[in-house]
Amino acid sequence: MADVHPSAIVYPGTVLGEGVKVLENAVVGKQPTLSPRSTTKREPLPPARIGDGAIVSTGAIVFAGTTIGARVILGDQSCVRERVEIGDDVVVGRGSLVENDTTIGALTKIQAEAYITAYSTLEDNVFIAPCVVTTNDNYMGRTEKRHGEMRGPTIRRGARVGGGAILCPGIEIGEEAFVGAGAVVTKDVPPRALVVGNPARVLREVPESELLDR
Amino acid sequence: MADVHPSAIVYPGTVLGEGVKVLENAVVGKQPTLSPRSTTKREPLPPARIGDGAIVSTGAIVFAGTTIGARVILGDQSCVRERVEIGDDVVVGRGSLVENDTTIGALTKIQAEAYITAYSTLEDNVFIAPCVVTTNDNYMGRTEKRHGEMRGPTIRRGARVGGGAILCPGIEIGEEAFVGAGAVVTKDVPPRALVVGNPARVLREVPESELLDR
Amino acid sequence: MADVHPSAIVYPGTVLGEGVKVLENAVVGKQPTLSPRSTTKREPLPPARIGDGAIVSTGAIVFAGTTIGARVILGDQSCVRERVEIGDDVVVGRGSLVENDTTIGALTKIQAEAYITAYSTLEDNVFIAPCVVTTNDNYMGRTEKRHGEMRGPTIRRGARVGGGAILCPGIEIGEEAFVGAGAVVTKDVPPRALVVGNPARVLREVPESELLDR
């Protein structure tokens, strides 16, 4: 049985797992709204699926076509767009946005006010600090071919990205790498490397004591 | 006819154009709330006006005294303050805030989680990437004369500002200029210049192939 | 008498002072939701207390266990977590988050979209510009001892922190210091120092004319 606050809106067809909580004013399973300029006729997306024990917090929004794993916490005022796959035990912090067509692995933590752009891949056990910025469009809306060219980041297992860091489009952050707070990452970061600065440069390796597999 | 979700609040007098959609929990036409310290007696602002085909998405807020053009999309959980003029076909991304007394030209795109400060001017066809920060107060609240001194940015036609970039108060970004992701812009950027870094420096010109008028 | 909009939710026991306003869709006094992984049995927190003349704006959230001073303004879509103490005449800007176990002194202004991490101390008359980022965890979730090690910033009386600036964990910003827009602060800032850059370096002293006690 799910526990849905009377002020929440859960669209018909949405699959809520055992013990799911949907808090005040949350909206779950909404279809994307067609742009008034859009000429395509879109089929409705399949319903959202929320895993056992997950929490959709106050004012959060989950789109249709998205699957949320077990025991996931979507923070207050957060938003998860359509066609997103979120693994078990993930946290999406308060106010954060996960854009469409993104995959997030189990146990990954996205802290508050972060921005995960469309077409991103975050593997397992990734840590995204507050206010991290990701991007996916080198041309910022200026080329005809842009849809094929939009590439979000790939953030490998166990990587950590510090507060307010910015990732340029298509960047890969290697396994267990560490991006310092405020770094502006303009090229790929090797596994276990620790980078800082604007533009980000490798400073040293992540110490053994901080690795997942130590 | 407008399509207003039953959970949305549209204040009396608000003008909703043909085909406007107001989604779940949106609030349209609210008056600013007087600060408890305020001693001025303010007249109510004129009603908000929302153009034909515009969409006010889930949880978004539009203040009174503001005019929104045709086919504008205000993203989920965004907010547009009072005395703002937004042209046709503009997008204000999810979670973004447009502060009071700001003007935004037609076809401009503001992506998610951006902050457009009070007294800003964005011309036509501007692109604001996610999480861009603008500012308008060099003294950060510390001078008596500050109200006369607050100056937001002026962002000229076709300029693009990258993800997480920060604009200092009163900056002008020239026509078709390009501010790289994470740049901290401390002085005006010439037309067509591409700037990066903290503080931002000119790196090169924007290539012909990316200009609007090519 | 308080003035609570019919769409707002105020939990039983919440103490609303004289003249408090709670606007559309705000949620006041909510208990933290236990993580589905949590095994601790927590007592409910004491009710939230909102001081005379305070305003809880549209869509804002205030947790139980938190005390808000007189004439405080919590902006639209902002959020204040549990066990926070906010002094009189404070402003928390639109969309900003104040995390748990934080203390904020009288007359401090936090502008829009800022992030105040858990275990922070902001003294009186502090100015936090839009989109400021604070952090409290050098290990980003990777050590067993981390709870004892999480340290937010200490921001002394009259200090000002510029737009989009980032403070590393445990940083102290001295009295009347000035952190420039976009600075990445990796070590303590002396009183009255003005710092800029990534990493932030002292540029000069704050001029006498901008001090609180001039």
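Just so we're on the same page: letters track the sequence lines, and every chain starts at 1.
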#### Entry: Partners meeting side-chain contact (heavy atoms from CB on, under 4.5 Å) with B/L203 (sequence neighbours left out)
B/L194, B/V196
### Query
Taking atom CD1 of C/I55 and atom OG1 of B/T33, what is their separation to the nearest 0.5 Å?
5.5 Å
### Task
Could you tell me which non-hydrogen atom of B/Y115 sits nearest to which non-hydrogen atom of C/A112, and how far apart they are?
CE1-CB, 3.6 Å
#### Entry: Residue pair B/K30 / C/T58, side-chain donor-acceptor N/O under 3.5 Å
yes
### Residues of residues 3-15 of chain B with any heavy atom under 4.5 Å of a heavy atom in chain C
B/I9, B/Y11
### Task
Mind checking the CD-OG spacing from C/E113 to B/S96? Nearest 0.5 Å is all I need.
6.5 Å
### Query
With chain C, which of B/T135, B/T186, B/I61, B/T134 has the greatest number of heavy-atom pairs at distances under 4.5 Å?
B/I61
### Query
Pairs in or reaching into residues 192-204 of chain B: which pass salt bridge (charged side-chain N to carboxylate O under 4.0 Å, His left out), with residues at least two apart or in two chains?
B/R192-B/E205, B/R192-B/E208
### Message
Counting C-beta onward and ignoring hydrogens, is there a side-chain heavy-atom pair between B/T117 and C/Q111 closer than 4.5 Å?
### Response
no
Atom pairs and distances, side-chain donor-acceptor, residues 156-184 of chain B, under 3.5 Å, sequence neighbours left out:
{"residue": "B/R156", "atom": "NE", "partner": "B/E172", "partner atom": "OE2", "Å": "3.0"}
{"residue": "B/R156", "atom": "NH1", "partner": "B/E123", "partner atom": "OE2", "Å": "2.6"}
{"residue": "B/R157", "atom": "NH1", "partner": "B/D213", "partner atom": "OD2", "Å": "3.2"}
{"residue": "B/R157", "atom": "NH2", "partner": "B/D213", "partner atom": "OD1", "Å": "3.0"}
{"residue": "B/R160", "atom": "NH1", "partner": "A/Y139", "partner atom": "O", "Å": "2.7"}
{"residue": "B/R160", "atom": "NH1", "partner": "B/E210", "partner atom": "OE1", "Å": "3.0"}
{"residue": "B/R160", "atom": "NH2", "partner": "B/E210", "partner atom": "OE1", "Å": "2.9"}
{"residue": "B/E176", "atom": "OE1", "partner": "A/R142", "partner atom": "NH1", "Å": "3.0"}
{"residue": "B/E176", "atom": "OE1", "partner": "B/L212", "partner atom": "N", "Å": "3.2"}
{"residue": "B/E176", "atom": "OE2", "partner": "B/L212", "partner atom": "N", "Å": "2.9"}

### Query
C/N198 versus chain B, heavy atoms under 4.5 Å apart: side chain, backbone, both or neither?
both
### Partner chain C: residue of B/G59, B/S78, B/C131 with the largest heavy-atom pair count (under 4.5 Å)
B/S78
### Task
Heavy-atom distances under 4.5 Å only: say whether C/L23 touches chain B with side chain, backbone, both or neither.
side chain
### Considering all heavy atoms, the nearest B/C79-C/R94 contact
CB-NE, 3.6 Å
#### Entry: Proximal component of B/A114, with respect to chain C [non-hydrogen, under 4.5 Å]
backbone
### Task
State whether the number of non-hydrogen atoms from other residues, nucleotides or ligands found under 6.0 Å of B/R49 atom CZ is greater than 12.
no
